[in-house]
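Read the structure below first, then the notes.
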Amino acid sequence: MSEQGTLHDAFLDELRDAYDAENQLLKALPKLAKAATADELRQAFEGHLEETRGHVETLEQVFASLDEKVRGKHCDGIAGIIEEGKSVMEEDFDEETMDACLIASGQRAEHYEMAAYGTLIAWAKAMGHDEAAGLLEGILDDEKAADEKLTALAEGGINESAAATAQPKAEDDDDEDEEDAPSKPAKGAKRPAPAPTTGRRRRPR
Ligand SMILES: [Fe+2]
Ligand SMILES: [Fe+2]
């Protein structure tokens, strides 16, 4: 008669998955750093690489706190995200666009990790693994901070620089860009709406 797995087994599975994901990221982050042009972005990836080394060690402490052997189990999810990141790096994008794309790849990984650690923490708490929960919360804080840092870099200039490189294309007869092109309106196009007046709409009497 086979024994059915419990939430504890599922928790260990997820933990092994996270451990493998962190190890995969240890190999992927240097590639992101190398592909980055903006100094701050490169430093962000390098900084998170250091934190990721810490995550591997912290997860080892989590295994120890549960009297479990340290083990990884191939994480298909992060492997897919890393694979997508690699394809982007093979594209022939200009430097600014590549930086914007590297941020997009990095944030996918962070969000995946945030989801995984959120679950692990909730399950650890539910089963009374307080030490494990505390350790995992420390990792989750790093992932959230890394994600916020990437958002700040994207919105603090990288997206704008990348968008500036997209401008000249508006002159090409490129259908895809038509909506964004601020060129003169096509024949028969509606006149632009008048600028809204201040305040709320007047109520009809
Ligand atoms: Fe991590
Ligand atoms: Fe991370």
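Atoms within each ligand, like the ligands themselves, are counted from 1 in listed order. Along the sequence shown, residues carry numbers from 1.
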Thr97 side chain vs Phe93 backbone, donor-acceptor pair below 3.5 Å: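 Judged by distance alone, no pair lies under 3.5 Å.
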Restricting to N/O/S atoms, is Asp147 within less than 2.8 Å of the Fe ion (ligand 2) or not?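 Of the N, O and S atoms in Asp147, none lies under 2.8 Å from the Fe ion (ligand 2), which means no.
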When you draw lines from the Fe ion (ligand 1) to OE2 of Glu22 and to ND1 of His55, what angle lies between them, to the nearest 10°?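 If I round to 10°, I get 90°.
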What is the name of the N/O/S atom in Glu113 that sits closest to the Fe ion (ligand 2)?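 Minimum-distance N/O/S atom of Glu113 relative to the Fe ion (ligand 2) is OE1.
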Would you name the N/O/S atom of Glu110 that lies closest to the Fe ion (ligand 2)?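 Checking each N, O and S atom of Glu110, the shortest distance to the Fe ion (ligand 2) belongs to OE1.
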Near the Fe ion (ligand 1), is there an N/O/S atom from Glu143 that is less than 2.8 Å away?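 Given the 2.8 Å cut-off, Glu143 counts as a ligand of the Fe ion (ligand 1).
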Contact check, side chains of Tyr19 and Arg71, non-hydrogen atoms, under 4.5 Å: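 A side-chain contact is absent here, since even the closest heavy-atom pair is not under 4.5 Å.
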Note, Ile139 side chain near Glu22 side chain (heavy atom, < 4.5 Å):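 Yes - at least one pair of side-chain heavy atoms lies under 4.5 Å apart.
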Could you tell me whether Lys144 and Glu113 have a side-chain N and a carboxylate O separated by less than 4.0 Å?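 Salt bridge flag = no for Glu113 with Lys144.
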Would you call Arg42 and Glu46 a salt bridge, using N to O less than 4.0 angstrom?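 Salt bridge present between Arg42 and Glu46.
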